[in-house]
Protein chains: 2
Amino acid sequence: MNYRGAVTPSTKAPASSPIVERSTIEQVATAAGVSVATVSRALRGLPNVAASTRTKVERVARELNYRANPAAARLATGRSHTIAIVVPLINSWYFSNVVAGAEAVCTEEGYDLLVLTAPNAELRHEVVATAAELERHTDGMIFVEVALPPHELEQLGRRRLAVATIGQQTDTFPSVHVDNVRVGSLAAQHLLDLGHRRIGVIGAQAEEPSFFDVPGQRIAGAGLALGRIGGDLEPALVVDGQFTIEGGYDAASRLLSGENPPSAIFALSDEMAFGALAAARDMGLDVPGDVSVVGVDDHELSSVVGLTTVRQHVAEHGAVAARALVRRLRGQRTAPGHHVSTAELVVRSTTGPPML
Amino acid sequence: MNYRGAVTPSTKAPASSPIVERSTIEQVATAAGVSVATVSRALRGLPNVAASTRTKVERVARELNYRANPAAARLATGRSHTIAIVVPLINSWYFSNVVAGAEAVCTEEGYDLLVLTAPNAELRHEVVATAAELERHTDGMIFVEVALPPHELEQLGRRRLAVATIGQQTDTFPSVHVDNVRVGSLAAQHLLDLGHRRIGVIGAQAEEPSFFDVPGQRIAGAGLALGRIGGDLEPALVVDGQFTIEGGYDAASRLLSGENPPSAIFALSDEMAFGALAAARDMGLDVPGDVSVVGVDDHELSSVVGLTTVRQHVAEHGAVAARALVRRLRGQRTAPGHHVSTAELVVRSTTGPPML
DNA sequence: CTGAAAGCGCTAACAG
DNA sequence: CTGTTAGCGCTTTCAG
């Protein structure tokens, strides 16, 4: 493996090559024969700079490979050009895709993206509580599926800090979310249309379902669809899958080995659906012959295994939130909009009519 | 657990939300009746501060909710307490887990983690080229599976910037990697032990195969194992799977529909293996009856679908690299060690003896 | 349109 | 052990 190629980079090679030293604004100023103030103005594209002066300054700056020291700029202006994204965890399909979307926008817009994880309420609280500290670090924060209680929202609102939320919808900050009731409805309706009546649900219990409960809303949506045909969701058929593959496996195993198993399963995420698919297979059940499965997300694997699902545009969530933040930071005062990201049913081969 | 690990609020709201104004070191100094220098020293745990003074300063600082303005500290010291992690992409199983590992360590050690993506050589070059700019932003950089050519390594080496690499091994910077030849060997040997002789490989073309070629090494390892029994890897049976699920599907389809298909497939990543599994199923092939499949990684889904694989400890890669960087930044001059992360075969149910 | 000068808040000599 | 005093490099009034 070792690269023992021709040119071995010598560690302590004296700078003989044109390694450009960092230059300061003052050096540029002297070299250009103007004041530092002018350099600052010229380089930042401010008005009130003669075109000729600007050209000259720009040239000199390029020659000297000058770039403003962000720490100094930050100290002087109080703006850091950095956005923090707060996620419960980063190594899951959903969150890593949200971060990817945000990262793309941030890079494009010249902002740095800091990743903060807040796996539990305690740490989340700490993140919010030290927002004062962060405020000097970051210009804005994106909270992803991190339920902020009223008093923390208020704390955040008091700070000079742009905030956006993904998932939660508040009346103080811009947000992006999907209509989860609709998501649930879409999935259940599809199953109903196929003729299913006994529908199992693999979801999760929200710890504090009061004001921000994604699984609850998806389940409610499914209930709504069933209600429209006079049916109902059977409580015994709603089990916890913890939003993990394994959890989905276990949940489906329980569901399918019960007395009167459902003819279809609605998993609240594709990963849980994968687990369910594996469980069905291990039980010798045919999908969709013996049991239909529908998920939510449209994970990369879904198209490959033919999973019917309700597609979400996850990276878009991150991108929209980041864009809202950047806009606000640029001073473009825009209404604190609540972007509703679309979701659509993608029918593939894990769903079909129930056996008679 | 709850929705995707979503963080829910604790019901108990703090009695009041005392919104504390940010205070400066000077305010603390006057309040404590000492000089700013003493405050700085006391709060940073420097020696040469009377215990009583320190206690008093700490108390006042707490009362005033003082926290050093990082921008100011950064400007004064030149250190930012920020580490950047450069990944080709962030929304893949491997990279998001590496980032997670690094993030955990950074948080623990009081460093901020900046995520930079460099999906191609051009952007990677840009990242390196602007390291000067970054230098003022970050104290260190972790390059994850980002092949740095000699001249870029040299550029980086010249800067006052701690660097660590994951995957690539250089003689200038600390690194962490797995012995990919051994990984390939482990997988192939397992297949050989089962009696397979015609082994297909799903891999990828390295962007710059010259000096840093993970797929090449894994393939070489497999070739080595085959060589030990006088066999060889058949070039026609080595196909590109692009390290994606879909790529794996396509590659396996091609492999298995050929004239004389292999009795076993070694996929260089679990995700490609998942694709291969799906392809086999779609072709009506039994696994492992008709074809065995072994992957690399030990993805969460692997245990659920019973995929035999070579397990890597991915989050550990990120953690070790981050820790090396932090150590260096703390001045603990330690040899630029090359950490070799372990990998081990995990036999499950997708591999078995070939049909006769 | 441009320059001088006063900070931004903190750290780091250097005295004492 | 503690205070004084320069800066760190940039932005931003305020004059001119």
Side-chain angles (χ1 to χ4, degrees), chain A residues 21-58 60-61 64-82 110 132-137 139 160 331, chain B residues 20-58 60-61 64-82 110 132-137 139 160 329 331:
Chain A
E21 287 306 316
R22 59 169 60 176
S23 40
T24 71
I25 197 174
E26 192 165 346
Q27 293 169 14
V28 176
T30 13
V34 296
S35 72
V36 292
T38 300
V39 173
S40 178
R41 284 190 281 252
L43 261 24
R44 281 181 305 149
L46 295 188
N48 300 334
V49 176
S52 61
T53 311
R54 170 162 291 148
T55 318
K56 182 174 55 185
V57 170
E58 279 168 346
V60 174
L64 264 45
N65 193 37
Y66 170 75
R67 235 154 276 139
N69 178 328
R74 180 178 305 201
L75 182 55
T77 62
R79 317 276 260 76
S80 65
H81 274 256
T82 300
E133 184 178 1
L134 284 166
E135 189 175 346
R136 298 137 168 192
H137 248 345
D139 295 341
R160 182 179 163 281
Chain B
V20 249
E21 286 307 315
R22 60 170 58 177
S23 39
T24 70
I25 197 174
E26 192 165 344
Q27 293 169 11
V28 176
T30 14
V34 295
S35 72
V36 292
T38 300
V39 173
S40 177
R41 283 190 283 251
L43 260 26
R44 281 181 304 151
L46 295 189
N48 299 334
V49 177
S52 61
T53 310
R54 169 162 293 146
T55 318
K56 183 175 51 186
V57 170
E58 279 169 345
V60 173
L64 264 48
N65 193 37
Y66 169 77
R67 236 155 273 141
N69 178 328
R74 181 179 304 202
L75 182 57
T77 62
R79 317 276 259 76
S80 66
H81 276 257
T82 300
E133 186 178 1
L134 283 166
E135 188 175 347
R136 297 139 168 190
H137 249 346
D139 295 341
R160 182 179 163 282
L329 292 171

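The side chain of A:Thr53 has C:dC1 as its nearest neighbour among D:dT11, C:dC1, C:dC10. Listed candidates were C:dT11, D:dC1, C:dG3. Nearest to the side chain of A:Ser35 is C:dG3. Listed candidates were C:dA5, C:dC1, C:dG7. Nearest to the side chain of A:Ala76 is C:dG7. Considering only the side chain of B:Ala50, D:dC1 comes nearest among D:dC1, C:dT2, D:dG3. Of the listed nucleotides (C:dT2, C:dG9, D:dT2), C:dG9 has the atom at the smallest distance from the side chain of A:Leu75. Considering only side-chain atoms of A:Val36, the nucleotide from C:dA5, C:dC10, C:dA12 that sits closest is C:dA5.
For the pair B:Arg67 CZ and C:dC10 P, the interatomic distance rounds to 12 Å; values are reported in whole Å. Between the CZ atom of A:Arg74 and the P atom of D:dC10 there is a distance of 14 Å, rounded to whole Å. In this structure, CD of B:Glu26 is placed 11 Å from C1' of C:dC10, rounded to the nearest angstrom.
Between the side chain of A:Arg41 and the base of C:dG3, at least one donor-acceptor pair of N or O atoms lies under 3.5 Å.
If you find the closest nucleotide of DNA chain D to B:Val49 and to A:Thr77, the one lying nearer the 5' end belongs to B:Val49.
A distance of 10.0 Å separates CG in A:Asn69 from CG in A:Leu75, rounded to the nearest 0.5 Å.
Counting any heavy atom pair closer than 4.0 Å across all strands shown, B:Ala37 reaches a base atom. Within 4.0 Å of B:Ala68, counting heavy atoms only, lie sugar-phosphate atoms of the nucleic acid but no base atom. Residue A:Asn48 is classed as a base contact, given a heavy-atom separation below 4.0 Å to a base.
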